[in-house]
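Following: one structure in structure tokens, then a few remarks.
Start at 1 and go down the list; that is how both ligands and their atoms are numbered.
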Amino acid sequence: MTPLVDPFARAITYLRLSVTDRCDFRCVYCMSENMNFLPKKELLTLEELDRLCSAFIQMGVRKLRITGGEPLVRRDIIKFFGAMGRHLDSGGLDELTLTTNGSQLARFATQLRDIGVRRVNVSLDTLDEDKFARVTRWGRLPQVLKGLDAAQAAGLRVKLNAVALKGFNEDELFDLQAFCHARDMDLTFIEVMPMGDLGEEERIGQYWPLTDLRAQLAQRFTLTDLSERSGGPARYVRLEETGQKIGFITPLTHNFCESCNRVRVTCTGEIFTCLGQEGKSDLRGPLRNTPGSNAPLQDAIRKAIGLKPKGHDFDYSRGEAGGKMSRHMSHTGG
Ligand code: SAM
Ligand code: SF4
């Protein structure tokens, strides 16, 4: 089958799939406190998710990341992981992985490892119990720490993702760095993006540019830029004194679109070919309307990728949240 290539000659080999819009946390930068979630019938069933992913894999996708909402709160999700494991066994997929808030890892880490998951990204912005409860509204830090223990005990490689929030975790930069060093975890900082429905002023107030964070690290450590890229937005440095790798996801201070190899599909089967643009196409129709054939689905995938934009327009430089998106991050899964 002809591989998936977009109009800017970027090969699409990475699918990020959101399997639910629900979550057991309500992080302030991601969701409002009272969310209206989708009715169940809107969601793709696990069987439909399987067909969808398998179609992408047939078209050349080599890496699948499961996200949400919180992927591990979807009922029977481990069955879906199990089903995707067959693509690892057959060599269709190089990697099956997930992004999680860690709350359910104590339950699922061993099963995920047995299925063939090797790495997990766990989102954790603070090591302070009170601050954790404030930023996640509903989360409890000890539960997540237990999840991290379970993941590492199962042999999963863990990367922590921390959203850099001005006036919130600025003072924990070196605590997070030391925590990850002591536990041999990778660490990536993410600039807060203008998603969701927080007021604009509040959003800009939260913005802590990673150039600033990097400058603080450079005062204490010798930083070496690493050329390694994952085709994604992260750039990495090594702290020479500890040997640690630290990543920066800087959609707002650095444009990374030229090497973008990914697309996102929501739990309702909408494909977003750019996180920072509203453009989307429907895959649920072709998936549901022709249960016996994948041809219409694969046509729709190809058509959507044919419309992948060159890049996003996030921009805070004019003192306003330019390029702001109205949808929540939990919708496309980050
Ligand atoms: N629930 C899972 C989790 O928290 O890891 C997966 C979904 S969550 C939407 C994926 C990632 O998006 C998390 O690392 C989260 O911190 C990040 N995120 C959510 N809202 C964001 C925003 N406004 N700006 C930057 N990152 C955001
Ligand atoms: Fe849930 Fe993840 Fe969004 Fe937090 S960032 S509310 S854990 S989906």
*Identify the heavy atoms of Ala304 and Thr273 that sit nearest to each other, and give their distance.*
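Reported closest heavy-atom pair: O-CG2, 3.6 Å.
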*Of all heavy-atom pairs between Tyr207 and Val192, which one has the smallest distance, and what is that distance?*
CA-CG1, 3.9 Å
*Determine, for Phe80 and Arg74, whether the Lys NZ or Arg CZ falls below 6.0 Å from the six-membered ring centre while staying within 45 degrees of the axis.*
no
_Test your reading of the model: is there a side-chain donor-acceptor pair from Arg26 to the backbone of Arg137, 3.5 Å cut-off?_
no
*Determine yes or no for a side-chain-to-main-chain donor-acceptor pair under 3.5 angstrom, with Glu70 supplying the side chain and Phe25 the backbone.*
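No, the answer is negative, given that no donor and acceptor are paired below the 3.5 Å cut-off.
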Considering the heavy atoms of [X], write down every atom of ligand 2 situated less than 4.0 Å from one of them.
X	result
Gly69	8 (S)
Phe25	6 (S), 7 (S)
Cys27	4 (Fe), 5 (S), 6 (S), 7 (S)

Mode of [X] contact toward ligand 1 - side chain, backbone, both, neither (heavy atoms, under 4.0 Å):
X	answer
Asn121	neither
Val192	both
Val163	side chain

*Should Gly69 be listed as contacting ligand 1, given a heavy-atom distance under 4.0 Å as the test?*
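Judged by the 4.0 Å heavy-atom criterion, Gly69 does count as contacting ligand 1.
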*Decide yes or no for Asp50 and Arg86: does some side-chain heavy atom of the first lie under 4.5 Å from some side-chain heavy atom of the second?*
yes
*Relative to the ring of Phe174, is the ring of Phe221 parallel (under 30°), tilted (30 to 60°) or perpendicular (over 60°)?*
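Geometry flag for Phe174 against Phe221: tilted rings.
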*Within less than 2.8 Å of atom 3 (Fe) of ligand 2, any N, O or S from Cys30?*
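It does: Cys30 brings an N, O or S atom closer than 2.8 Å to atom 3 (Fe) of ligand 2.
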Any idea which atoms of ligand 1 are less than 4.0 Å away from a heavy-atom of [X]?
X	value
Thr67	6 (C), 7 (C)
Glu191	25 (C)
Thr99	2 (C), 5 (O), 6 (C)
Thr100	2 (C), 3 (C), 5 (O)

*Counting only heavy atoms not in Arg119, do more than 12 sit closer than 6.0 Å to its CZ atom?*
no
_I'd like to check whether Asp125 has a polar contact with ligand 1, where a contact means an N/O of the residue lying under 3.5 Å from an N/O of the ligand._
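Looking only at distances, the answer is no, because the N/O contact criterion of under 3.5 Å is not met.
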*Would Val19 and Leu43 satisfy side-chain contact (heavy atoms from CB on, under 4.5 Å), going step by step from the backbone distance to the final call?*
CA-CA 8 Å; Val19 293; Leu43 260 58; over 6 Å; no
